[in-house]
Amino acid sequence: MYERLGRQLLNGEGMILWVQRFVPRLVHGVCLLADSGLIVPSCSATSPERTLVVVNRGVRVSQEIAEYYIDKRKIPPSNICKIRAPRTEAISRRQYEAWVEPGVRKCLSRDDARERIDYIVTTKGVPLKIHGEGRASVDSELTLLYGRLAGEEYPIEGKVPNPFFRRSSSSFIKERFGIYLVTRLTGFTLEDVKAIIDRAQVAENRGVVIVDGTPNGNAMGERWFTDAPRILADGRVELDRSIEVVYGASEVIGYAAWGSNDKQRIADDTRDLKFVWLPGAIATEYVSSDARTFEEPPADWRPASWEDRSKYWHGSPRSLTADFIRQGATGASGHVYEPKLDAVPHPDLLFPAYLQGRTLAESFYLSIPYLSWMNVFVGDPLCTLGPPQ
């Protein structure tokens with residue numbers, strides 16, 4: 001039905017704009033046509049009605065985050081998905097299959113939610129990662145629920161190819177790609193999470209992307225760094241290839257670096273880059289375990305080398321994704337376990353998409369090649385900078 005009506009609207013640009021404003025379900029059908037080359041509207045699915053918020057029953061911070069978020073984004077209360085799950089960040093595959101996935105499945109199975117929902121948002125207090133057999137982030141596993149509800153089967157061990165990877169010229173249509181886009185509202189504290197929700201509300205498409213591309217001999221990673229400035233518009237990116245760490249940058253809307261894999265970051269013995277982050281800013285680093293936990297370390301803790309076991313925090317001495325949120329970023333990526341370099345967000349895909357007006361969730365997901373893997377994306381999935389100014 002939506003495709004037929006969409007074709008009837010092709011002769012009236014004003015009618016398309018009317019539909020985009022007042023009939024979100026119809027626009028979703030029109031967006032299906034956009035990828036076929038018939039029309040090219042802005043098809044980012046930013047409707048709050050298409051967002052499911054997952055809460056862990058009995059975990060106060062999880063409930064408070066959900067209440068704050070749905071109020072700010074005007075998400076229907078019926079889109080809150082309350083599950084019962086362990087209160088620990090790490091759970092077994094058996095616990096995931098017994099508690100987390102069935103709970104979310106139940107929510108998606110009611111009131112046509114499977115087809116209505118595009119984005120799933122987990123909250124602090126919902127288990128973060130699956131240990132042991134089939135290690136992965138909980139969020140990355142949940143991306144596959146759209147397919148699983150249709151009878152698709154995926155391997156427990158290993159990664160699953162991401163059908164949305166590199167689809168920079170395609171609108172995200174879950175019916176086409178067969179996945180949900182899942183992000184997480186989390187940080188060290190409730191106040192940190194409220195801050196990223198607030199910043200997402202006032203994001204603007206301005207500022208500069210800082211790419212701290214210290215050469216380290218890894219050709220693949222260095223190529224992604226150097227390719228980003230070629231793709232982004234003039235004046236929107238600053239690439240630093242020196243051995244020194246970039247500190248004190250202003251008007252930052254994006255950041256990519258080696259993180260604690262940069263030996264100079266370890267030598268500098270600091271967690272804070274002293275950036276002035278703009279609302280809507282996102283960050284990514286090539287670090288294997290930066291989203292291993294969102295529990296706050298002691299104030300004197302610093303990232304260190306693997307040899308210094310006195311600096312281990314939750315099993316690793318490496319830098320933490322949540323530090324970016326505390327310091328002013330609106331979104332950030334991380335990994336619960338070792339992803340291998342090819343599986344991290346590719347900055348040459350991530351930042352062009354985001355600065356062209358894609359949502360935070362779309363931008364992160366089109367930049368990674370695998371699902372059912374180690375990736376975690378912190379932030380409001382609906383956050384968008386809007387079109388370039």
Side-chain angles (χ1 to χ4, degrees), residues 24 27-28 31-32 35 42-54 69 73 75 79 81 100-101 104-105 107-108 113-123 126 128 136-150 152 154 159-186 196-197 200 203 280 282 284 291 330-335 343-346 349-350 353-354 356-385:
V27 169
H28 196 58
C31 287
L32 286 169
D35 276 341
S42 175
C43 289
S44 292
T46 57
S47 171
E49 290 80 9
R50 307 188 75 84
T51 305
L52 186 76
V53 183
V54 180
Y69 181 60
R73 276 294 183 191
I75 292 171
N79 283 22
C81 176
V100 178
E101 185 169 309
V104 182
R105 273 177 177 262
C107 295
L108 290 169
R114 175 180 178 269
E115 299 303 330
R116 178 168 46 83
I117 295 300
D118 288 321
Y119 298 131
I120 298 175
V121 184
T122 59
T123 50
V126 173
L128 172 68
S137 79
V138 165
D139 296 359
S140 195
E141 284 297 305
L142 290 175
T143 63
L144 302 179
L145 261 183
Y146 185 78
R148 286 195 168 116
L149 286 169
E152 293 286 339
Y154 303 98
K159 47 205 175 189
V160 173
N162 175 12
F164 193 48
F165 178 52
R166 290 191 179 278
R167 297 304 182 100
S168 301
S169 60
S170 298
S171 304
F172 174 72
I173 308 296
K174 71 172 177 299
E175 292 85 352
R176 175 181 177 185
F177 298 108
I179 62 173
Y180 294 114
L181 302 185
V182 185
T183 70
R184 180 167 288 252
L185 292 174
T186 190
I196 63 175
I197 294 170
I282 60 174
T284 187
T330 304
S333 71
H335 311 95
V344 306
H346 298 198
L349 298 173
L350 170 64
Y354 194 52
Q356 288 165 9
R358 293 270 196 173
T359 64
L360 178 147
E362 287 177 310
S363 301
F364 274 120
Y365 274 96
L366 69 77
S367 75
I368 59 166
Y370 307 115
L371 304 174
S372 188
W373 201 230
M374 312 305 176
N375 309 80
V376 174
F377 302 122
V378 179
D380 177 355
L382 303 178
C383 178
T384 176
L385 302 180

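Hydrogens, waters and symmetry mates play no part in the numbers below; they use all other heavy atoms, side chains included. Please read all numbers here as calculations on a predicted model, not as lab measurements.
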Apply side chain to side chain contact (heavy atoms under 4.5 Å, CB included) to S363 and list each qualifying residue two or more places apart in sequence or on a separate chain. L350, A353, Y354, R358
The side chain to side chain contact (heavy atoms under 4.5 Å, CB included) partners of Q356 (sequence neighbours excluded) come to P352
Close side-chain approach of [X] to [Y], heavy-atom, < 4.5 Å:
| X | Y | value |
| --- | --- | --- |
| P163 | L371 | yes |
| L108 | L149 | yes |
| I117 | L52 | yes |
| L366 | S168 | yes |
| Y119 | T183 | no |
| V376 | S333 | no |
| V121 | V182 | no |
| T143 | L181 | no |

Nearest heavy-atom neighbours spanning [X] and [Y]:
| X | Y | result |
| --- | --- | --- |
| L385 | A203 | CD2-CB, 3.9 Å |
| A291 | L128 | O-CD2, 3.3 Å |
| S170 | R176 | OG-NH1, 3.6 Å |
| V160 | S372 | CG2-CB, 3.8 Å |

Answer yes or no: is there an ion pair linking R148 with E141, defined by an N-O contact shorter than 4.0 Å? yes
Is it the case that R116 and N79 place a side-chain donor and acceptor less than 3.5 Å from each other? yes
Decide yes or no on side-chain contact (heavy atoms from CB on, under 4.5 Å) for I282 and L360, but give the supporting numbers first. CA-CA 8 Å; I282 60 174; L360 178 147; 3.9 Å; yes
side-chain contact (heavy atoms from CB on, under 4.5 Å) between R50 and E115, intermediate numbers included: CA-CA 9 Å; R50 307 188 75 84; E115 299 303 330; over 6 Å; no
Given side-chain contact (heavy atoms from CB on, under 4.5 Å), test V53 with I75 step by step and report yes or no. CA-CA 9 Å; V53 183; I75 292 171; 4.1 Å; yes
Would you please classify the geometry between the F377 ring and the F364 ring as parallel, tilted or perpendicular, with 30° and 60° separating the classes? parallel
Would you please classify the geometry between the F172 ring and the F177 ring as parallel, tilted or perpendicular, with 30° and 60° separating the classes? parallel
Check whether any side-chain N or O of S47 sits under 3.5 Å from a backbone N or O of E49 as a donor-acceptor pair, and report yes or no. yes
T123 side chain to V54 backbone, donor-acceptor under 3.5 Å: yes
Check the pair Y180, Y146 against ring pair (Phe, Tyr, Trp, His ring centres under 6.0 Å), reporting the backbone distance first and the verdict last. CA-CA 6 Å; Y180 294 114; Y146 185 78; 5.5 Å; yes
Looking at [atom1] of [X] and [atom2] of [Y], how far apart are the two atoms once the value is rounded to the nearest 0.5 Å?
| X | Y | atom1 | atom2 | value |
| --- | --- | --- | --- | --- |
| I368 | H335 | CD1 | NE2 | 8.0 Å |
| I120 | R184 | CD1 | CZ | 11.5 Å |
| H346 | F165 | NE2 | CZ | 4.5 Å |
| R114 | L145 | CZ | CG | 10.0 Å |
| N375 | T284 | CG | OG1 | 9.0 Å |
| N162 | S367 | CG | OG | 9.0 Å |

Side chain to side chain donor-acceptor pair (under 3.5 Å) partners for Y69, two or more places apart: D380
